[in-house]
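For reference, the structure is listed below as structure tokens.
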Amino acid sequence: MKTLKPIARILLPENVRRFIGIYIPRISKNNTYILKKEYPIVELNNINEKFYIRKLELKDKEAIWVAYGKKENFDIQILPRLKNDAWVGLAVFNQDNNEIAYISWIIIKNTPFIKEFGINLKSNQFFLRHGFCVPKYRHQGLHTRMEQERINYCVKHGANEIFIQIGSKNKKGIESVTNNSYSFYQQNYIILITGLGIYRELLSFLKNPFKRII
């Protein structure tokens with residue numbers, strides 16, 4: 001694959017390479033961590049006063065689409081979350097222009113996605129997914145604040161055990177969660193096909209590749 005990349009850069013236009021790239025399956029290892037937390041975080045990371053945080057709603061569809069960079073797989077991967085009561089989206093909004101600066105997600109009920117990883121959420125357990133900061137809003141403390149906000153949402157809604165997944169090669173992410181009292185829970189292989197909105201546990205995918213998992 002590494003040998004083919006320089007050749008592809010010469011022979012194929014960038015838009016063609018990009019189109020092909022999002023349909024190439026990628027396999028990697030992901031670590032799941034668990035945090036046991038009885039009380040909300042009191043001392044929250046300070047952010048600029050122009051930002052405010054609220055729960056996402058279906059009416060925010062356009063703003064979410066823009067925040068994610070108008071991704072091709074938006075309707076497949078992101079939009080269904082707004083219509084599924086197992087998912088809760090929290091976002092940082094810029095009140096100066098109504099833009100979304102940061103998006104994060106929490107899974108509060110069992111879903112086929114979680115079950116593929118052998119996790120069966122109990123009533124006191126939530127699962128954190130996808131924290132994304134819009135590039136121009138990075139380095140303003142939003143990631144730290146939103147990680148705190150997600151934990152507090154979980155605790156305030158009855159979850160004192162919180163799962164999160166981090167790619168095994170994401171050393172910075174692993175350091176962040178372990179420094180914040182998360183403990184290693186398990187490791188799985190995952191398959192990612194961005195253009196098809198596929199992010200699944202590898203063995204489950206191989207058994208049933210056409211199953212739609214949100």
More than 12 heavy atoms of other residues, nucleotides or ligands under 6.0 Å from NZ of Lys50: is that the case?
-> yes
With no hydrogens and no angle check, is any side-chain donor or acceptor of Asn170 less than 3.5 Å from a backbone partner on Gly173?
-> yes
Should Val177 and Leu35 count as side-chain neighbours, where that means a heavy-atom distance under 4.5 Å?
-> no
Going from CG on Asn45 to CE on Met146, what distance comes out if it is rounded to the nearest 0.5 angstrom?
-> 12.0 Å
Mind running side chain to side chain contact (heavy atoms under 4.5 Å, CB included) on Asn188 and Leu202 for me, showing each step along the way?
-> CA-CA 8 Å; Asn188 299 86; Leu202 180 58; over 6 Å; no
List the steps and the verdict of side chain to side chain contact (heavy atoms under 4.5 Å, CB included) for Ile114 and Ile107.
-> CA-CA 9 Å; Ile114 292 177; Ile107 302 176; 3.4 Å; yes
Let me see the working for Tyr33 and Asn31 under side-chain hydrogen bond (donor to acceptor under 3.5 Å, both in side chains), right down to the final yes or no.
-> CA-CA 7 Å; Tyr33 296 85; Asn31 296 343; 3.2 Å; yes
Out of curiosity, Lys36 NZ to Ser183 OG, how far, rounded to the nearest 0.5 Å?
-> 7.5 Å
Minimum heavy-atom separation for Leu142 to Ala101, with atom names?
-> CD1-CB, 3.7 Å
Any side-chain heavy atom of Ile191 sitting closer than 4.5 Å to one from Arg26?
-> no
Under 3.5 Å donor-acceptor, Asn152 side chain and Ile41 backbone | yes
So, Thr178 side chain and Ile174 main chain: donor-acceptor pair closer than 3.5 Å or not?
-> yes
Side-chain heavy-atom pair Tyr52, Val92 within 4.5 angstrom cut-off = no
Below 4.0 angstrom, N of the basic side chain to O of the carboxylate: do Lys55 and Glu149 qualify?
-> no
Using 30° and 60° as the class limits, which term best fits the ring planes of Tyr68 and Phe74: parallel, tilted or perpendicular?
-> tilted
So which heavy atom on Asn120 is nearest to which on Lys115, and how close?
-> OD1-CE, 4.2 Å
Checking Gln140 side chain against Ile47 main chain: does a donor-acceptor pair fall under 3.5 Å?
-> no
State yes or no: do Phe205 and Ile27 share one hydrophobic cluster built from I, L, V, M, F, W and Y residues joined by side-chain heavy-atom distances below 4.5 Å, directly or via other members?
-> yes
Taking the side chain as C-beta and beyond, is there a heavy-atom pair between Lys71 and Trp65 under 4.5 Å?
-> no
Reported CZ-to-CD distance for the pair Phe51 and Glu99, which is rounded to 0.5 angstrom | 9.5 Å
Backbone N or O of Asn30 within a donor-acceptor pair of the Ser168 side chain at under 3.5 Å?
-> no
If you measure from CD1 on Ile190 to OG on Ser28, what distance do you get to the nearest 0.5 Å?
-> 3.5 Å
Considering residues, nucleotides and ligands other than Tyr189, do more than 12 of their heavy atoms fall under 6.0 Å from its OH?
-> no
Name of the residue among Asn98, Leu56, Ile53 meeting side-chain contact (heavy atoms from CB on, under 4.5 Å) with Phe93 = Leu56
Is the Tyr185 to Phe163 ring centre distance short of 6.0 Å?
-> yes
Taking salt bridge (charged side-chain N to carboxylate O under 4.0 Å, His left out) as the test, write out the residues that go with Glu175, two or more places apart.
-> none
Check side chain to side chain donor-acceptor pair (under 3.5 Å) between His130 and all other residues, then give those that pass, not counting sequence neighbours.
-> Arg81
Other residues, nucleotides, ligands: >12 heavy atoms within 6.0 Å of Gln95 CD | yes
Donor-acceptor contact below 3.5 Å, side chain Glu147 vs main chain Thr144 | no
Taking atom OG of Ser104 and atom CZ of Arg145, what is their separation to the nearest 0.5 Å?
-> 12.0 Å
So CD1 of Ile64 and NZ of Lys59: to nearest 0.5 Å the spacing works out to 11.5 Å
Treating Ile, Leu, Val, Met, Phe, Trp and Tyr as nodes and any side-chain heavy-atom pair under 4.5 angstrom as an edge, say whether Phe126 and Tyr39 lie in one connected cluster.
-> no
Inspect the contact between Arg54 and Asp60 and indicate whether a charged nitrogen and a carboxylate oxygen are less than 4.0 angstrom apart.
-> yes
Would you sort out whether Phe113 and Glu201 count as a side chain to side chain contact (heavy atoms under 4.5 Å, CB included), showing the intermediate values?
-> CA-CA 8 Å; Phe113 167 78; Glu201 198 277 332; over 6 Å; no
Without swapping roles, check the side chain of Arg150 against the backbone of Arg129 for a donor-acceptor pair under 3.5 Å.
-> yes
Looking only at non-hydrogen atoms, find the nearest pair between Ala86 and Thr111 and report the distance.
-> CB-CG2, 3.6 Å
Does any donor atom in the side chain of Tyr199 or Gln77 lie under 3.5 Å from an acceptor atom in the other side chain?
-> no
Return yes if some donor-acceptor pair links the side-chain N/O of Asn110 with the main-chain N/O of Leu121 below 3.5 Å, else return no.
-> yes
Closest non-hydrogen atom pair, Ile162 against Cys154 = CD1-CB, 3.7 Å
Say whether, by atom type as modelled, one donor and one acceptor occur between the side chain of Arg200 and the main chain of Glu116 under 3.5 angstrom.
-> no
Please lay out, stage by stage, how Val134 and Ile103 fare under the test side chain to side chain contact (heavy atoms under 4.5 Å, CB included).
-> CA-CA 8 Å; Val134 176; Ile103 299 174; over 6 Å; no
Taking all non-hydrogen atoms of both residues into account, name the closest pair between Gly89 and Trp105 and its distance.
-> CA-CE3, 3.6 Å
Side-chain donor-acceptor distances from residues 206-214 under 3.5 Å, at least two apart:
| unit_1 | atom_1 | unit_2 | atom_2 | d |
| --- | --- | --- | --- | --- |
| Asn208 | OD1 | Lys211 | N | 3.4 |

